[in-house]
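Quick notes on the structure that follows.
In the text below, chain A, chain B and the rest are named by the order of the sequence lines, each starting its count at 1. Predicted model only: the values in this text are computed from it and were never measured.
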2 protein chains.
Amino acid sequence: MSTDTNPTLADKLATAIADGILNGRLPPGERLDEVGLAEQHGVSRTPVREALRQLAMSGLIDMRPRKGAIVSKATPEEIESLFVAMAEMEATCARLAAMSMTPVERRRLQARHEAMMALAAAGDTEAYSDANVAFHSAIYAGAHNAPLAEYAMNLRRRVGPYRRAQFRVDGRLLRSNQEHDAVVRAIVSGDAAGAHAAMIHHVSLVEDAFEAFAAINAA
Amino acid sequence: MSTDTNPTLADKLATAIADGILNGRLPPGERLDEVGLAEQHGVSRTPVREALRQLAMSGLIDMRPRKGAIVSKATPEEIESLFVAMAEMEATCARLAAMSMTPVERRRLQARHEAMMALAAAGDTEAYSDANVAFHSAIYAGAHNAPLAEYAMNLRRRVGPYRRAQFRVDGRLLRSNQEHDAVVRAIVSGDAAGAHAAMIHHVSLVEDAFEAFAAINAA
DNA sequence: TGAGATGAAATTGCATACAATTAAGGCGGG
DNA sequence: CCCGCCTTAATTGTATGCAATTTCATCTCA
């Protein structure tokens, strides 16, 4: 009766390591020592290796035969590619969502968006960031296409380490919310092309914010 | 000096099993027994398990904890989703290619397309099929975006088992070539929106051909 | 006859052991 | 003082062994 939820150690390790990468505890370039990870989690190397292979396929880590694994460290050009890819995937999902979301999904998306207005006005960066992930995930789901949604989500995870502090750039919250408004209006009204354009615009601006932030950090 | 080409056993197994799936020797739903695969390739279960985990992340196989792995067997709805996703990814790549291909790449794409006309006219299904993969791969590459190209290629692999005989449908070769013509013209002329539309059109028709073929087989 | 229990066999998950490659440190020569 | 080689430690790749779960055939009983 209950859903069979028996993840293997390798599965749990994969999510644990991925979490470490996403929340910044494992920064890009960090070496992933098999015995270290094994001891740290109280398991043997076997499930660790399986987890690493899984993460390597997702692009979160890089494995070189006999040279070990590291958290993926992208060059600026590769980061740019990741952002472009994410923008395209999100825009595609937005377009499909505009075409195939159910009325209920459209209303919920609208409600979610409106709730975020308050967070943006209050300047609650933490809560807005969480809500933002949920907002974009709702659009992925609204595309009603599992493979595309999975790729979009995966790209979002991959760019995560490089956009950690994006919302701290001055005024990003309100601006993000305004851009969401255009996206939501297009999706709710069934304007496929408009949804695509608005989402590309939105994510591209996120990338700009990242670049501004990176420039500040480099200085 | 020589490039370091030392794939591990797990890597070689992953490609070997993937080949088996792609060329139809391992049909969807086929059980992937660890000891069987190990004996068959003369290795132990350890690298086999790592290869399976790698393939599971690519979507080519399904693994359920403690229940073993099978070649992914998609429902008709899931196959539909895969085709839609592939159409979107290819269209996105075509649009980016129209915007960012170099003059040399455009000329090569045109030349490749023209060479395929002869194959279509001659009815050489085998050669056309191979050239077709290369044609689409050239467009992925022309997008100048590694993540998108990788996803597009991966989707192409995943739908492979369900479209094996598409070109045998009567007249598909010539028609495919005509559709390619629209795609190539748009890309070469830098018409981004046109390239997107033409590619969606093309891949959607491929899906129609698949469905026609499936209907024939079901009868 | 068929549904459910029961046992053995098969299969997966994980740990340990060993082999092979790579990285690190010291040594001598220039 | 720096560069290269050699030795040794550290790390990865693979094999094997054992425990646990699943599967399947058989048996029992309604």
Side-chain angles (χ1 to χ4, degrees), chain A residues 1-21 25-73, chain B residues 1-21 25-73:
Chain A
M1 191 63 74
S2 71
T3 61
D4 184 3
T5 171
N6 270 27
T8 66
L9 282 185
D11 289 326
K12 289 191 272 193
L13 284 168
T15 65
I17 297 169
D19 280 353
I21 295 173
R25 202 184 58 239
L26 297 173
E30 178 90 346
R31 187 167 171 66
L32 296 169
D33 180 60
E34 294 179 3
V35 301
L37 289 170
E39 290 175 358
Q40 182 176 339
H41 291 85
V43 299
S44 82
R45 280 176 52 220
T46 307
V48 172
R49 285 179 57 82
E50 293 183 6
L52 290 182
R53 235 166 218 288
Q54 191 166 332
L55 292 170
M57 286 303 288
S58 80
L60 233 52
I61 74 173
D62 285 342
M63 291 185 77
R64 287 188 317 179
R66 296 157 217 288
K67 298 262 198 75
I70 63 168
V71 178
S72 281
K73 185 174 188 172
Chain B
M1 190 63 72
S2 69
T3 62
D4 184 2
T5 171
N6 270 28
T8 66
L9 282 185
D11 289 326
K12 288 192 273 192
L13 284 169
T15 65
I17 296 170
D19 280 354
I21 295 173
R25 200 186 58 239
L26 297 173
E30 178 90 346
R31 186 166 174 70
L32 296 168
D33 181 60
E34 295 180 1
V35 303
L37 289 169
E39 290 176 358
Q40 182 176 339
H41 292 84
V43 299
S44 81
R45 280 175 50 219
T46 306
V48 171
R49 284 178 59 82
E50 294 184 5
L52 290 182
R53 231 164 223 290
Q54 191 167 332
L55 293 170
M57 286 302 290
S58 80
L60 233 51
I61 74 173
D62 286 342
M63 290 185 77
R64 288 187 319 179
R66 297 159 215 288
K67 299 263 199 74
I70 63 168
V71 178
S72 282
K73 184 173 189 173

What is the distance, rounded to the nearest whole Å, between atom [atom1] of [X] and atom [atom2] of [N]?
X: A/D33; N: D/dT11; atom1: CG; atom2: P; result: 5 Å
X: A/K67; N: D/dG13; atom1: NZ; atom2: C1'; result: 15 Å
X: A/E34; N: C/dA17; atom1: CD; atom2: P; result: 17 Å

Measure the spacing between [atom1] of [X] and [atom2] of [Y] and express it to the nearest 0.5 Å.
X: A/M63; Y: A/R49; atom1: CE; atom2: CZ; value: 6.0 Å
X: B/S72; Y: B/I21; atom1: OG; atom2: CD1; value: 7.5 Å
X: B/E50; Y: A/E50; atom1: CD; atom2: CD; value: 6.5 Å
X: A/L52; Y: A/D33; atom1: CG; atom2: CG; value: 10.0 Å
X: B/I61; Y: B/Q54; atom1: CD1; atom2: CD; value: 10.0 Å

**Report entry** Residues touching DNA chain D, which here means a heavy atom under 4.0 Å, drawn from residues 49-64 of chain A
**Finding:** A/R49
Query raised in the report: Does anything in residues 36-44 of chain B reach DNA chain D, meaning a heavy atom under 4.0 Å, and if so which residues?
Result: B/V43, B/S44
Report task. State, yes or no, whether a side-chain contact exists between B/L13 and B/L37 at a heavy-atom distance under 4.5 Å. Result -> no
Query raised in the report: Heavy atoms, side chains only, cut-off 4.5 Å: are B/L26 and B/L32 in contact?
Result: yes
Query raised in the report: Does B/R66 put a side-chain nitrogen or oxygen below 4.0 Å from OP1 or OP2 of C/dA10?
Result: no
Requested in this report: Please check the phosphate of D/dC18 (OP1 and OP2 only) for any side-chain N or O of B/R45 closer than 4.0 Å.
Outcome: no
Report summary line: Of C/dG13, D/dA15, C/dA15, the nucleotide closest to the side chain of B/P65 is C/dG13
Requested in this report: Please tell me which of the listed nucleotides, C/dC14, D/dT14, C/dT11, lies nearest to the side chain of B/P47?
Outcome: D/dT14
Query - Residue from A/D62, A/I17, A/V71 passing side-chain contact (heavy atoms from CB on, under 4.5 Å) with A/L55 - result: A/I17
Query raised in the report: By side-chain hydrogen bond (donor to acceptor under 3.5 Å, both in side chains), which residues pair with A/D11, not counting sequence neighbours?
Result: A/T8, B/R53
Report summary line: For A/K73, the side-chain contact (heavy atoms from CB on, under 4.5 Å) test, sequence neighbours excluded, returns A/P28
Query raised in the report: Quick one: side-chain contact (heavy atoms from CB on, under 4.5 Å) partners of A/T15, sequence neighbours excluded?
Result: none
**Report entry** Nucleic acid contacts - residues 11-19 of chain B versus DNA chain C, non-hydrogen atoms under 4.0 Å
**Finding:** none
Requested in this report: Would you mind telling me which residue lines up with the more 5' stretch of DNA chain C, B/L32 or B/T46, judged by nearest nucleotide?
Outcome: B/L32
**Report entry** Any donor-acceptor N/O pair under 3.5 Å between C/dT12 base and A/T8 side chain
**Finding:** no
